[in-house]
Structure formats: C-alpha cells, structure tokens
Amino acid sequence: MDSMIAYSASMLDAIATFLGSEPIIYLFGLVCLSLLVKVVKDIIT
C-alpha cells in the first residue's frame, strides 16, 4: 500500500511540474485568449 501511495504522489508531482512549465502556461493562455476573442466576436455580430 505504501508503494502505491508513493507512486501516486510522485506521478502527481511530475504532472504538476510538467503543467507548471512555461510552454504549457503559454499554450493555456493562448487557448483562453482565442476563446475570449471568439466570445467577443459572437457578441459583436
């Protein structure tokens, strides 16, 4: 059981490190910006 907990904790730590890296943050920001532009465009038209 302890090995499963250690494995899960290390996997979550690796995922958090990966998602915290700069390219992922930039891609997430780009996706959010494109969705925001689409919403504004739909409101205007």
Side-chain angles (χ1 to χ4, degrees):
M1 188 68 173
D2 289 338
S3 62
M4 283 181 62
I5 292 171
Y7 175 75
S8 297
S10 64
M11 286 299 293
L12 289 174
D13 188 37
I15 291 171
T17 303
F18 174 72
L19 291 176
S21 64
E22 288 186 13
I24 302 300
I25 293 173
Y26 294 150
L27 286 174
F28 180 71
L30 188 63
V31 168
C32 290
L33 182 63
S34 66
L35 290 174
L36 182 66
V37 168
K38 183 178 179 184
V39 167
V40 171
K41 184 179 173 186
D42 287 343
I43 290 173
I44 291 174
T45 58

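FYI, side chains are in, hydrogens and waters are out, and symmetry mates aren't considered; it's all heavy atoms of this structure.
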Inter-residue atom distance Asp13.CG - Ser8.OG, 0.5 Å rounding
12.5 Å
Restricting to non-hydrogen atoms, name the atom on Ile25 and the atom on Leu19 that form the minimum distance, rounded to 0.1 Å.
CG1-O, 3.9 Å
Going only through I, L, V, M, F, W and Y residues with side-chain contacts under 4.5 Å, is there a path from Ile15 to Phe18?
yes
Would you give the length of the straight line joining atom CZ of Phe28 to atom CG of Leu33, rounded to the nearest 0.5 angstrom?
12.0 Å
Do Leu35 and Val39 come within less than 4.5 Å of each other through their side chains, counting heavy atoms only?
no
From Ser10 OG over to Ile5 CD1, what is the distance, rounded to the nearest 0.5 angstrom?
12.0 Å
